[in-house]
Amino acid sequence: MRRKIPLSIAFIFGIIMIIQFFIPHRISVEFYRNMLNALVIVGIFYYILAVTSLIRVHRGKIKRRKPGWGYSYVTLISLAVTAMVGVLGGAYQPTRITAWFIEHFHWQIEQGTGLMVIYTYIQIPMGATMFSLLAFFIASAAFRAFKARSLTAVLLLLTAFVVMLGRVPIGSLITRNLPDNIQLSNIVEWILNFPNMAAQRGILMGIGLGMIATSLKIILGIERGYLGGGD
Amino acid sequence: MKERKGLIFGSVILIVVFIIMFIKGEPSKNIMVWIAAILTLSIYSFLYKDNVFYKFAEHLFVGVSVGYSVSVVWQNAFIRRVFDPLFITRTYIVDGKFSLYLFLAIVIPTLLGMLMVSIFTKKHGWLIRIPIAFVVGSYAGMGIAPSFQAYIFEQTQSTLYVTLSISSFIMIVGVITTLVYFFFSKEHKGFLGKTAGVGIWFIMVAFGASFGYTVMARISLLIGRMNFLLHDWLGVIK
Amino acid sequence: MRFWEKVMKLDRRWIFLLIALAVLIPFLKPLRLPLTVTKPARDVFDAIENIAPEGAPLLIATDYAPSTAPELDPMLYAMLRHCLSTKRRVMLLALYPQGAGMAQAGLDFILPEFPDAKSGVDYVFLGYQPGIQAIVMYLGEDVRLAFPTDAYGIPLDSLPMMKNIRNYDDIALIVDLAGSSITLTWVTYAVARYGEHLAAGVTAVSAAQYYPYLDTGQFVGMLGGLKGAAEYEKLIQEKGYTKAREIATIGMDAQSIAHLVILFLIIIGNVAFFASKSHKKKRSTAGS
Amino acid sequence: MNILLVFLFLIQQTPDSLPVDTAQVTEIVRPAPPTNVIAKDTPNDAGGSISVEWDISADDGKGLKNVNLYNVYKSKTEEGKFDYVGTVGAARTSYDDQSVEKDNKGYYYIVKAQTKEGVESEPSNISSGKSQAQWFHHGRWAYLILGVIFTLFFVLYIRMAKGKKLFIRKIAGLDAVEDAVGRSTEMGRPVLFVPGIGLLSDIATIAALTILGKVAKKTAEYETRVIMPNYDPLVMSAAQEVVKQSYTEAGRPDSFNEKDIFYLTQDQFGYAAGVDGIMLREKPGAIFLQGIFYAEALILAETGHSVGAIQIAGTDRVTQLPFFISACDYTLIGEEMFAASSYLSRDPIMMGSIKGEDASKLVLIIVIMVGTVLGILGGLHLGLFENWFSNLINWFARG
């Protein structure tokens with residue numbers, strides 16, 4: 001029961017969606033659209049799990065006074081405030097409440113809604129900063145990993161070195177006086193277009209086969225780890 | 001110990017540079033820009049070591065981003081796709097007639113989604129497997145054709161554009177040896193092993209190239225943040 | 001030997017400090033590392049130079065978002081400076097909602113340098129309208145079909161600059177600044193169908209995929225990433241059009257120095273590796 | 001209930017305004033009309049569409065460049081009033097009218113050429129056509145054939161594999177799982193499993209969950225904590241089930257702590273910030289980065305390295321693999337990750353599917369080799385081979 005019902009549901013919908021791909025008829029297109037909508041609707045309810053889990057973990061930390069429990073308040077309060085602002089005041093467009101405030105109190109919200117203000121000045125800057133940490137990490141990773149330990153490591157190191165050199169103007173000065181087709185920038189382009197592309201294609205084909213095989217195994221109920229145990 | 005002193009010294013210099021610029025420049029008058037700048041610096045402080053500022057920023061980031069997702073899901077998914085169609089626009093009434101199909105197309109997924117709440121009960125917790133199986137099964141079915149398209153057809157087709165040249169030869173050898181590296185059911189020795197070995201060379205060249213190619217984009221992200229700090233916030237550069 | 005062993009175990013925060021300085025120093029003191037202007041960049045510059053002052057305008061489409069702004073904003077700034085300082089007219093529009101914000105921010109940034117420039121006379125900001133391909137096609141018929149008013153709600157006919165401008169025939173050149181493949185929409189509709197001239201400003205990562213369009217002449221020129229923007233800045237500075245801070249050149253300096261720092265680190269790392277010969281227990285990081 | 005509805009009404013977003021379509025057509029003097037107009041059903045569609053094709057106007061192209069648009073008109077009767085339906089640019093010779101109201105009912109079409117000045121030609125000949133919905137997409141034969149071949153391989157090898165012991169080559173990253181967990185236990189540190197920012201609907205995430213099952217079994221045996229911060233709530237619930245199952249199989253269902261598998265956030269860099277924090281504070285001895293990763297891959301791997309953990313990574317994102325290779329101890333490259341479920345279970349059925357994948361790979365290699373030979377012969381302009389080659393390429397270009 002506990003396994004058979006879910007497995008047959010996965011089987012039925014998997015097969016239906018494969019067949020759907022080959023049918024251009026209006027009924028099939030309509031069905032596809034409704035399926036996409038249904039998947040989004042089911043997805044709404046994930047957030048009940050998400051928020052409950054987050055609150056549980058942080059409440060547990062606060063209760064047991066675990067190290068750093070004070071920060072759990074930061075998470076919980078900022079979650080509550082942001083969700084309130086977004087649900088009451090609107091996400092991308094203002095709700096009627098926000099519109100009323102704008103009209104009667106002459107509020108000026110450049111971004112449209114309170115949520116977008118929070119998004120623009122808190123979430124985006126922090127996200128962009130996390131992203132830019134990569135500039136530092138890519139340097140430390142290069143320093144540590146690019147050592148000529150073995151033949152494969154040498155290949156990795158050399159191509160990275162040459163491509164990096166080819167990306168800066170100073171690099172192209174080195175080969176300035178050489179014939180056109182061994183100019184550094186042309187070499188780099190060739191590496192990117194041929195050996196690099198070749199390996200990428202090989203890897204991608206492998207991934208494709210792996211994905212197709214796993215999808216088939218899921219549909220046929222052979223791959224069932226994601227459902228957990230029981231019968 | 002000496003090393004640590006050096007690092008502290010370096011960091012202090014960075015902070016002093018910022019303070020000098022703060023005095024020299026025209027700092028922004030927008031309080032939100034200040035918040036954004038302080039949060040930016042808090043996250044950078046993590047590069048030295050974990051500290052109060054980073055912990056605060058990190059926990060705030062998690063809270064705000066979950067709150068944001070909740071708001072967007074509420075407004076743009078729940079209201080638009082469940083609440084409105086069921087109670088306001090009533091999309092299941094076509095030309096004055098009740099359409100069971102369209103009605104169920106909204107109600108069934110809603111009920112399926114509600115099954116997730118079963119996880120909070122001990123006895124019926126397994127019911128959550130039904131929506132999970134529905135999502136995984138449907139996407140697995142939908143995904144097969146695009147996988148063929150993006151991973152098999154497109155890659156094979158672009159490999160096949162061959163000419164009589166060294167570049168083309170390298171392309172073909174590269175694709176085939178890389179594929180051979182992914183053979184699992186035969187031991188990699190003898191000829192197969194040698195071919196797979198060549199495949200690994202190609203893979204390493206590709207990885208080195210992508211690594212080197214990406215550095216520039218990553219640095220420009222840091223430049224973007226510096227621009228924000230020095231221009232938008234401190235106003236020290238015009 | 002002890003020295004090299006120490007280098008091998010270098011605290012990575014030293015590397016972070018080096019990178020931070022490599023990026024920060026050019027900001028405070030521009031170095032202007034040698035930079036050769038490539039042909040695609042010069043072609044863009046020449047194409048704009050060939051536009052008659054007070055004549056048919058240049059159309060700049062800001063089809064990018066904040067994520068690619070560090071690379072594309074400098075191009076927008078440089079082109080606005082080029083045009084406004086030489087009395088060439090500019091139209092701005094966006095095919096993405098976020099792009100309108102980028103154009104507005106660009107104008108806010110540049111206009112204080114040109115107190116005489118007037119909206120509707122020297123430049124027109126049309127804003128954003130939905131419908132990507134449709135908009136590009138409408139521009140071939142009549143701008144007013146796509147943009148009845150400018151971004152501030154003023155009807156186009158009451159703007160002096162727009163009086164004689166109907167469609168692509170009256171627009172000298174289009175420059176598309178884009179972080180996505182939307183440039184191809186301009187190629188397919190504006191260039192192929194209406195024979196309009198198009199120049200592109202694209203990110204460094206996507207520049208490679210656009211080279212074929214330069215070869216076929218579908219782009220009159222192209223700026224690729226910060227480097228392209230820096231080349232353009234160099235060209236307008238040489239002509240003496242502006243003395244403004246060259247952000248792309250600075251960014252380019254920062255990028256070059258950071259690259260050199262990383263290359264230097266790799267060399268040092270390998271020297272240390274061979275010198276210390278610490279082939280002791282090494283967890284293999286390359287190959288799995 | 002009413003109060004609730006009023007409340008929901010108040011917090012509803014105001015509707016977006018829609019753009020207005022303002023296409024216009026004017027008429028004065030006339031270029032030559034297009035000829036040979038044919039209207040017929042659009043193939044391989046859902047119905048509701050008729051394709052109109054024509055030969056270009058005599059004033060189109062050839063230096064004249066007079067015509068720059070073609071306008072298509074439709075009517076319900078042959079004589080009746082023709083309504084404007086759409087426009088395409090010069091040199092185009094077809095238009096798909098998607099506005100057909102009823103399938104299997106005849107509609108009449110004419111096409112007019114239009115000059116740059118907005119002058120339209122006389123109408124072309126009238127042609128009628130019906131729209132129909134198709135039940136099979138004829139452009140997708142390639143998928144069907146290749147799909148059936150590959151599926152046959154899988155099924156065949158799975159059948160053949162039953163009860164046999166099949167070989168699978170060594171995958172170092174998977175062999176290292178036990179060592180990593182063991183070392184973590186010795187150090188008295190927890191194990192961190194990071195599923196990346198994929199959703200449960202991503203196949204790579206499912207593969208990661210299989211690896212999680214194996215990791216959890218080991219942590220249960222060694223009585224070590226396994227921590228797993230999640231990006232997708234559904235992955236979290238599935239992971240809880242997987243780990244619970246592993247602990248039950250290891251005979252320690254009581255040591256399973258649901259709270260260790262928790263939700264973090266669904267923001268890419270918020271997730272990276274949170275996981276970095278967990279790494280710094282929990283100091284895991286082993287870190288598994290398995291699933292779908294984008295730019296955060298290197299942020300996580302570098303932070304993980306700095307706390308001295310053994311790291312085993314795996315992803316199907318080719319762009320991120322170089323960073324895992326350089327920052328982690330072991331990396332599962334692409335397909336190796338999908339092979340993990342067979343490798344770890346050694347179940348004959350699973351092994352059979354690996355054989356099926358290998359057979360498919362062999363087919364691809366043969367296709368590429370044949371294509372190369374044909375391509376080279378075709379490149380020498382041997383007519384027949386040139387044809388075969390272009391047919392082969394076109395076959396793969398379909399869809």
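Quick note on labels: first sequence line is chain A, next is B, and so on, each numbered from 1. For clarity, every value in this text was computed on a predicted model and none was experimentally measured.
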Sort B:Ser220 into side chain, backbone, both or neither according to what part of it lies under 4.5 angstrom from a heavy atom of chain A.
neither
Which region of A:Ile191, side chain (C-beta onward) or backbone (N, CA, C, O), has a non-hydrogen atom less than 4.5 Å from a non-hydrogen atom of chain B, or is it both or neither?
side chain
Is there a donor-acceptor pair closer than 3.5 Å between any side-chain N or O of B:His188 and the backbone N or O of B:Phe183?
yes
Bottom line for B:Val52: the part with an atom under 4.5 Å from chain A's heavy atoms is both
Do we see a donor-acceptor contact under 3.5 Å between the side chains of A:Asn34 and B:Tyr101?
yes
Quick one: do the B:Thr89 and B:Asp84 side chains pair a donor with an acceptor below 3.5 Å?
no
Cut-off 4.5 Å, heavy atoms of chain B, and the answer for A:Ile18 is both
Students often mix this up, so state it plainly: with edges at 30° and 60°, are the rings of B:Phe83 and B:Phe87 parallel, tilted or perpendicular?
tilted
With a 4.5 angstrom heavy-atom cut-off, could you sort out which part of A:Phe161 is near chain B: side chain, backbone, both or neither?
neither
So for A:Met126, is it side chain, backbone, both, or neither that comes closer than 4.5 Å to the heavy atoms of chain B?
both
May I have the step-by-step check of ring pair (Phe, Tyr, Trp, His ring centres under 6.0 Å) for B:Phe202 and B:Tyr181, ending in yes or no?
CA-CA 10 Å; B:Phe202 271 96; B:Tyr181 170 76; over 10 Å; no
Okay, B:Tyr213 and chain A: the region with an atom under 4.5 Å from a heavy atom over there is both
B:Ser42 side-chain N/O to B:Tyr54 backbone N/O, donor-acceptor pair under 3.5 Å:
no
Check whether B:Trp126 gets within reach of chain A through its side chain, its backbone, both or neither, counting any heavy atom under 4.5 Å.
side chain
Proximal component of A:Leu158, with respect to chain B [non-hydrogen, under 4.5 Å]:
neither
Give, as side chain, backbone, both or neither, the part of B:Arg225 having an atom under 4.5 angstrom from any heavy atom of chain A.
side chain
Is it the side chain or the backbone of A:Tyr32 that comes within 4.5 Å of chain B heavy atoms, both, or neither?
side chain
Heavy-atom distance under 4.5 Å to chain B: side chain of A:Leu165, backbone, both or neither?
neither
Quick check on B:Ile119 against chain A: is it the side chain, the backbone, both or neither that has a heavy atom closer than 4.5 Å?
side chain
At a 4.5 Å cut-off on heavy atoms, which part of B:Met116 comes close to chain A: side chain, backbone, both, or neither?
both
Under 3.5 Å: donor-acceptor pair, side chain of B:Trp34, backbone of B:Ser28
yes
With a 3.5 Å distance limit and no angle check, can you tell me whether A:Thr95 reaches the backbone of A:Leu88 through a side-chain donor-acceptor pair?
yes
Do the side chains of A:Arg224 and A:Leu7 get nearer than 4.5 Å, heavy atoms only?
yes
Taking NZ, NE, NH1 and NH2 as the nitrogens, is one of them in A:Arg33 or A:Glu30 under 4.0 Å from a carboxylate oxygen of the other?
yes
Under a 4.5 Å heavy-atom cut-off, does chain A meet the side chain of B:Leu47, its backbone, both or neither?
side chain
Any donor-acceptor pair under 3.5 Å linking the side-chain atoms of B:Ser167 with those of A:Trp190?
yes
Check whether A:Leu192 gets within reach of chain B through its side chain, its backbone, both or neither, counting any heavy atom under 4.5 Å.
side chain
Cut-off 4.5 Å, heavy atoms of chain A, and the answer for B:Ile108 is neither
B:Val180 versus chain A, heavy atoms under 4.5 Å apart: side chain, backbone, both or neither?
neither
Just by distance, no angles: are the side chains of B:His59 and A:Thr75 close enough, under 3.5 Å, to form a donor-acceptor pair?
no
With a 4.5 angstrom heavy-atom cut-off, which part of B:Ser158 approaches chain A: side chain, backbone, both or neither?
both
Looking at A:Ile48, A:Ile122, A:Ile12, which makes the most heavy-atom pairs under 4.5 Å with chain B?
A:Ile122
Under 4.5 Å from any heavy atom of chain A - which part of B:Val82:
side chain
